[in-house]
There are 2 protein chains.
Amino acid sequence: MNEAVQVIRKGRKFDQVVESARTLFMQHGFEGIGVDEIARKAGVSKATLYAYFPDKRHLFMEVARLECERQAERMEAEIDIERPVPEVLGAVGRAFIGIILSDFGRNMFRVCIGEGERFPELARQFYESGPMVMRAGMIEFLELGIARGELEIADVELAADQFPELCKAGVFLRLVTGVQTVFSGDEIDRVVDGAVETFMARFGANRG
Amino acid sequence: MNEAVQVIRKGRKFDQVVESARTLFMQHGFEGIGVDEIARKAGVSKATLYAYFPDKRHLFMEVARLECERQAERMEAEIDIERPVPEVLGAVGRAFIGIILSDFGRNMFRVCIGEGERFPELARQFYESGPMVMRAGMIEFLELGIARGELEIADVELAADQFPELCKAGVFLRLVTGVQTVFSGDEIDRVVDGAVETFMARFGANRG
DNA sequence: CCGAATATAAACTGATCAGTTCAGTTTCGG
DNA sequence: CCGAAACTGAACTGATCAGTTTATATTCGG
């Protein structure tokens with residue numbers, strides 16, 4: 001089944017390499033760092049690195065996949081979906097913005113989008129192990145909210161897409177274009193609270 | 001005042017170069033095409049090209065700036081802001097999605113974001129001549145809608161950021177990651193109409 | 001029709017960097 | 001303690017590509 005994993009993990013210094021790659025990729029992006037430096041920081045020879053991974057791209061993919069898993073787990077652990085819908089949405093929005101603003105998020109977007117044409121495999125894997133997972137979680141949660149009578153949604157998938165998009169309002173574009181790279185807590189609250197309010201105005205079940 | 005423009009435009013084959021660059025950049029992105037090919041397609045020698053532009057990046061910037069202007073003009077010409085707010089928003093949304101899905105839009109995002117760290121000048125200029133212009137237009141229009149009594153908005157800037165973001169729901173990310181590259185008219189209608197409905201649910205002045 | 005501005009072709013520089021090779025060393029299970 | 005697997009280091013290959021150079025040719029205003 002998972003032969004691929006076994007094929008890749010064959011040496012004792014595997015984790016050192018991944019950890020070094022994680023740090024450097026997240027800090028400098030894909031093109032911003034050379035394989036030599038990754039090997040050096042890992043305390044490993046370049047030849048060893050290439051014994052583990054067929055090329056730089058697959059090393060990056062592995063790092064990206066792990067990091068997405070990590071973020072997804074953290075998010076799941078932090079958020080209690082039993083709380084009222086607006087509260088949960090607020091928490092989700094703040095976590096989401098946090099990821100987007102992190103070195104990881106910024107560089108992941110940069111690489112996936114920038115490299116998308118030359119390296120479609122990565123962008124697709126990123127979508128599937130990042131945004132798609134979150135989308136599935138959103139759908140699940142929204143359906144719970146509907147069942148609880150807190151939400152009324154005809155097109156749940158569209159709603160699940162709209163919420164994260166709302167959270168990016170005025171942030172994402174300014175971030176990736178470098179127009180603004182630091183956002184205060186107040187700024188984040190403003191956009192997340194705005195997202196929750198807009199979302200609830202449309203989909204909240206107001207019977208009263 | 002515009003000495004810079006005069007300094008750049010000094011030969012008779014300038015337009016050929018820009019036009020060639022426009023076509024090829026929009027088709028292959030920034031890194032996807034070499035200067036040699038741009039010169040060849042322009043029917044111009046490489047040396048001539050470098051007589052016009054200090055480097056490849058500034059050539060790209062010029063193309064980007066012109067294309068943004070072009071899109072902004074087209075949008076302004078097509079849309080009649082005297083129509084009812086939801087109708088105007090629908091038209092804006094469809095035009096916006098159209099730009100995003102075009103070769104120009106896709107590659108512009110790709111390059112600005114991908115190249116952002118190494119070439120911040122471009123991303124900033126893009127933000128200013130593209131999204132920022134649209135944002136200003138949105139703000140103006142929303143204020144008109146408020147004055148007309150069709151809208152009620154406390155934070156106009158946030159609302160102006162939210163609408164385009166809503167229009168991207170489920171489209172933008174799938175596009176830039178290559179998960180889905182073609183979108184049907186029905187799909188576009190679904191997301192734009194959904195954006196208008198959500199927006200109006202929050203900001204529409206329903207006194208009835 | 002002259003001379004200054006502009007354009008050309010094509011070879012060249014120089015820098016970058018992923019990935020390879022190989023001869024030799026270390027590690028570790030059995 | 002042996003032999004196989006894993007690892008090392010450092011030089012090397014090979015490809016890409018932006019930008020330069022140079023000697024020559026074309027264009028065009030005055």
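Reminder, nothing fancy here: chain letters follow the sequence lines and each chain counts from 1.
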Check: Atom CZ of B:R12 to atom P of C:dA4: distance rounded to whole Å?
Finding: 17 Å

Notebook entry, point to check: Between B:F25 and B:F104, is the ring centre distance below 6.0 Å?
Noted result: no

Notebook entry, point to check: Any Lys/Arg nitrogen of A:R65 or A:E69 sitting under 4.0 Å from an Asp/Glu carboxylate oxygen of the other?
Noted result: yes

Notebook entry, point to check: Which whole-number value in Å describes the distance from A:R40 CZ to D:dA10 C1'?
Noted result: 15 Å

Margin query: In this structure, how many angstroms lie between the C1' atom of D:dT8 and the CD atom of A:Q16, rounded?
Written below: 13 Å

Next item on the list: Could you tell me the separation between the CZ atom of A:F119 and the P atom of C:dA18, rounded to a whole number of Å?
Entry: 13 Å

Note to self: Rounded to whole Å, please give me the gap between CG in B:L49 and C1' in C:dT6.
What the structure shows: 14 Å

Checklist line | Where B:V18 and B:V63 come nearest, the two heavy atoms and their spacing | finding: O-CG2, 4.0 Å

Check: Roughly how many Å is it from OH in A:Y52 to C1' in D:dT8, rounded to a whole number?
Finding: 12 Å

Notebook entry, point to check: Should A:S45 be listed as having a side-chain N or O under 4.0 Å from OP1 or OP2 of D:dG9?
Noted result: no

Note to self: D:dT21, OP1 or OP2 - any side-chain N/O from B:Y50 closer than 4.0 Å?
What the structure shows: no

Checklist line | Separation of atom CD in A:E31 from atom P in D:dA18, rounded to whole Å | finding: 13 Å

Check: Would you say the side chain of B:K46 and the base of D:dG19 hold a donor-acceptor pair, judged only by whether the two atoms sit under 3.5 Å apart?
Finding: yes

Checklist line | A:E165 bridged to A:K168 by N-O distance under 4.0 Å | finding: yes

Notebook entry, point to check: Can you check the A:D36 CG to D:dA11 P distance for me, whole Å?
Noted result: 12 Å

Next item on the list: For B:K13, answer base if it contacts any base atom (sugar-phosphate contacts may also be present), sugar-phosphate if it contacts only those atoms, and nothing otherwise; contact means non-hydrogen atoms under 4.0 Å.
Entry: sugar-phosphate

Next item on the list: Report the residue (A:A47 or A:G34) whose heavy-atom-nearest nucleotide on DNA chain C is the more 5′ of the two.
Entry: A:G34

